[in-house]
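Written below as structure tokens is the structure these notes are about.
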Amino acid sequence: MIDNLPQLLAEMTLEEKAGLCSGLNFWETKAIDRLGIPSIMLTDGPHGLRKQRANSAELGLFDSVPATCFPSAVGLAASWNTELLQSVGAALGLECQVESVGVLLGPGANIKRSPLCGRNFEYFSEDPYLSSHLAAAHIQGVQSQGIGASLKHFAVNNQEQRRLTIDAVVDQRTLHEIYLASFEYAVKAAQPWTVMCAYNKVNGEYASEHAYLLNDVLKTAWGHEGLVVSDWGAVNERVTGLAHGLELEMPGSGGVTDKLIVAAVNNGGLALGALDAAVLRILKLTQKVLQNRQPDAVFDAPAHHALARKVATECMVLLKNESQLLPLAKSAKLAVIGELATSMRYQGGGSSRVVPTQLDETLTEIGAKLQGGKVDYARGYDLASDQADAALVAQALAAAQSAEVAILFIGLPDRYESEGYDRTHLRIPDNQRQLIDAIAAVQPKLVVVLNNGSPIEMPWAAHAGAILEAYLGGQAQGGAIADLLFGDRNPSGKLAETFPLRLEDTPAFLNFPGEQDTVEYREGMCIGYRYYEAVKRPILFPFGHGLSYTKFEYGSLNLSATNIHENDSLNVNLTIANTGTQHGQEVVQLYVADLVHSLSRPQKELKAFAKVSLAPGESKTVSFALDRRAFAFYHPTLADWVVESGKFDIVVGASSQDIRQQASVEVQSDWQAISHYHRNTAVGTLLARPETAALLHNWLAEVPPEANFLTIMQSMGSDMLEAMAQEFPLRALVLFSRGHIDFARLDALLEQLRKV
């Protein structure tokens, strides 16, 4: 046990301090034996422990200890259930204790800017509010077991192509409202023991040495108390990174960067105080790990597997269910078609790949459900190829034709999406696409089950009576699919991302993945559902969409007030009832729309959600409390969040497009946009408000009519000149006044405007 950290720091040599700031090897920090400072272990991963076995290769991607493989983040997000994510995090934390791991590298809270990102399966959502709240719950669960979490990858890491060198160029509003907001709540609410910096540059500076992100935002504005660790190999300039907020470099450099730190301190290039502050954070992390170590920890593998199955059922989304094709009768004669029913894809590729403690095969689990029914299996296609196999297709057609219902398992092979590279299209393999058409021609009752880590195009969707999105459901995926298909569990997942009709419809289509080493986020804040609603573009399935085997009725929306001050809390409640015949869970989604705004804003934004469990005939009251941030936007000039006075709609629904109830509130703000009027403010901006228009006309009253350019243009009866007058900057009125007004008088007007 280590204590009295200031004393330990004082006893360390400069070389020891520098050495502590980088790893011993691929997964462990350095120890300082003479001071009793041990090393601690950091390991992957977000949905299951990936601790490599002793004596395996450094990466150990395919040689790790068995651990429970839970659904990937794409699936966990579809649960919209923070309590569920806490339970997953707690299970992961316990398994880390058993393996003497100090920090688990996850969760990933990067925004899904484009569905092409090869690592999207590791991230939660296209929406920062949902992403940050799910990440917070995950972190709280892990850390409840005395294990540190590592929130990653900070920040603006949204593609795999050139991920180590790409410069993500993004404006300040988009940066704060979308890409940083996805991390902000998680940091403030859960205080992850570590935050992992990203590989990429952000607006020209590497995330590993970005003083604004690491010091100004993360540490100062958000109050992060833990340390920043590099992504593995993300360090560009070690001394600059240390000075700008990167405490721990991983993996170790074999002493190369330690010498750079020592030299920088000795030659005055790095303040000793900055090094000491970094070392103290590393010591605090080590102390936390030691204080919370449970050497006798054990976990019940079957119990964790059962939890994985329960979790997986909540992570799957029923996208379509015409004529109540699902749930299936257990006495039915079924055809199960597709290699993915036996060679399941239950997790993504890359550093998060887990060796499961056990694995449920989908075909076996379906067979175990039958009571008097029968199942015939046909492989249908070769998962390793995109080419159709005539013999496999013929076998599949025969099985489908002789069955009452065909269940077709399709999706994306491992080779289609993984860490390390991005997708280039949204299609499934051609042999699977052709098989859907062929089966639909002989079997009208067709259920499609999807295994994929991100959206796919579905030009074939009309051929399927039911579509179940299973995502990457973890080691108990097979049992969870069977539970849902036969109605032993009711689907309750909702999409945490929009499914577009085509790749060309996506917001970043023209600007992903960029050119050479630069990618410009020209779509700004309009990503995901924000974009599709703004341009009124049709989509396949909306954000928040998901069906159930029961029905839910939304009662009227009640607000605690219809007029509030920006610092007041607005309480919102409504009653939701299960009017169907089965127990079910509904995700109630609350969006806020700013109807009066001086800067552009999305049509509506998610600001609250709740997952409600209801028995048939049961009703419950759902309550939300909206604080100032629910109405605020980031003002780039002020570099702060502001609320603008005006009317806001409170919108509640079952998805971003399935709106059930709506109400309005007037919000009074202490901030006014007019406080930022200047010499180049447009005349029309002043004319838009009676009080500012009056000040402008009074200011021009002493100008003779022949020199009052505004009056001249407005009096000529020309729509063109009237429009030009609206766009005139105030300085132009001075220049056109023939000397009757000077800039001193203009500045006096501006001073008056600031007081209105």
Side-chain angles (χ1 to χ4, degrees), residues 5-6 8-35 37-42 58-59 103 105 150 152-155 157 162-167 194-216 218-219 224 226-286 517:
L5 301 187
L8 271 179
L9 183 65
E11 294 178 11
M12 293 173 67
T13 66
L14 175 58
E15 289 73 17
E16 287 171 335
K17 291 176 182 178
L20 205 61
C21 293
S22 65
L24 170 67
N25 49 38
F26 218 78
W27 302 110
E28 295 173 296
T29 63
K30 291 190 183 79
I32 304 177
D33 293 334
R34 75 175 189 88
L35 296 176
I37 301 171
S39 66
I40 62 172
M41 178 174 283
L42 304 85
E58 280 195 329
L59 281 172
V103 177
L105 301 176
S150 192
K152 62 183 188 180
H153 306 89
F154 189 70
N157 175 207
R162 300 201 180 202
R163 63 174 176 164
L164 275 74
T165 56
I166 195 76
D167 183 10
T194 74
V195 169
M196 183 189 292
C197 78
Y199 285 120
N200 53 282
K201 294 178 183 177
V202 180
N203 292 332
E205 296 182 61
Y206 277 102
S208 62
E209 56 194 49
H210 206 299
Y212 178 70
L213 291 179
L214 302 184
N215 281 335
D216 296 349
L218 180 63
K219 290 180 169 68
H224 183 234
L227 64 81
V228 177
V229 59
S230 73
D231 200 344
W232 268 230
V235 171
N236 176 53
E237 294 288 348
R238 181 65 188 109
V239 173
T240 304
L242 187 60
H244 292 175
L246 174 67
E247 283 85 20
L248 178 61
E249 176 189 17
M250 290 298 290
S253 66
V256 173
T257 56
D258 303 350
K259 294 175 184 177
L260 296 176
I261 294 171
V262 171
V265 172
N266 285 332
N267 66 27
L270 176 69
L272 180 60
L275 175 59
D276 285 349
V279 171
L280 190 58
R281 287 190 183 233
I282 294 169
L283 289 174
K284 286 179 178 178
L285 174 65
T286 305
D517 274 337

Where do [X] and [Y] come nearest, in terms of heavy atoms and distance?
| X | Y | result |
| --- | --- | --- |
| Cys21 | Ala278 | SG-CB, 4.5 Å |
| Asn215 | Gly245 | OD1-CA, 3.5 Å |
| Phe154 | Ala207 | O-CB, 3.6 Å |
| Ser39 | Thr29 | CB-O, 2.6 Å |
| Phe26 | Pro251 | CA-CB, 3.6 Å |
| Arg238 | Thr257 | CG-CB, 3.7 Å |

Show the numbers, then the answer: is there a side chain to side chain contact (heavy atoms under 4.5 Å, CB included) between Asn157 and Ile166? CA-CA 9 Å; Asn157 175 207; Ile166 195 76; over 6 Å; no
Hey, mind stepping through Asn236 and Ser208 against side-chain hydrogen bond (donor to acceptor under 3.5 Å, both in side chains) and telling me if it holds? CA-CA 7 Å; Asn236 176 53; Ser208 62; over 6 Å; no
How long is the span from the [atom1] atom in [X] to the [atom2] atom in [Y], to the nearest 0.5 Å?
| X | Y | atom1 | atom2 | value |
| --- | --- | --- | --- | --- |
| His210 | Asn200 | NE2 | CG | 9.5 Å |
| Asn266 | Leu272 | CG | CG | 9.5 Å |
| Leu242 | Lys17 | CG | NZ | 12.0 Å |
| Leu9 | Ile282 | CG | CD1 | 10.5 Å |
| Leu246 | Ser230 | CG | OG | 5.5 Å |
| Leu35 | Met12 | CG | CE | 7.0 Å |

Output yes when Asp258 and Lys30 qualify as a salt bridge under the 4.0 Å nitrogen-oxygen rule, no when they do not.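 Salt bridge present between Asp258 and Lys30.
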State whether Lys219 and Glu247 are salt-bridged, where the test is any N-O pair (Lys NZ or Arg NE/NH1/NH2 against Asp/Glu carboxylate O) under 4.0 Å.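 Yes, charged N to carboxylate O under 4.0 Å.
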Counting only N and O atoms by type, is there a donor-acceptor contact under 3.5 Å from the side chain of [X] to the main-chain atoms of [Y]?
| X | Y | result |
| --- | --- | --- |
| Asp167 | Asn203 | yes |
| Glu16 | Thr13 | yes |
| Ser22 | Glu249 | no |
| Tyr199 | Arg162 | no |
| His153 | Asp231 | no |

Hey, which of Thr194, Leu214, Val195 is the one that makes side chain to side chain contact (heavy atoms under 4.5 Å, CB included) with His224?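 Going through the options one by one, the only one that passes is Val195.
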Apply side chain to side chain contact (heavy atoms under 4.5 Å, CB included) to residues Leu285 and Val103 and explain how you reach the verdict. CA-CA 9 Å; Leu285 174 65; Val103 177; 4.1 Å; yes
Checking side chain to side chain contact (heavy atoms under 4.5 Å, CB included) for the pair Ile32/Leu8: CA distance, chi angles, key distance, verdict? CA-CA 11 Å; Ile32 304 177; Leu8 271 179; over 6 Å; no
Could you go through the side chain to side chain contact (heavy atoms under 4.5 Å, CB included) check for Trp232 and Leu105 one step at a time? CA-CA 11 Å; Trp232 268 230; Leu105 301 176; 3.6 Å; yes
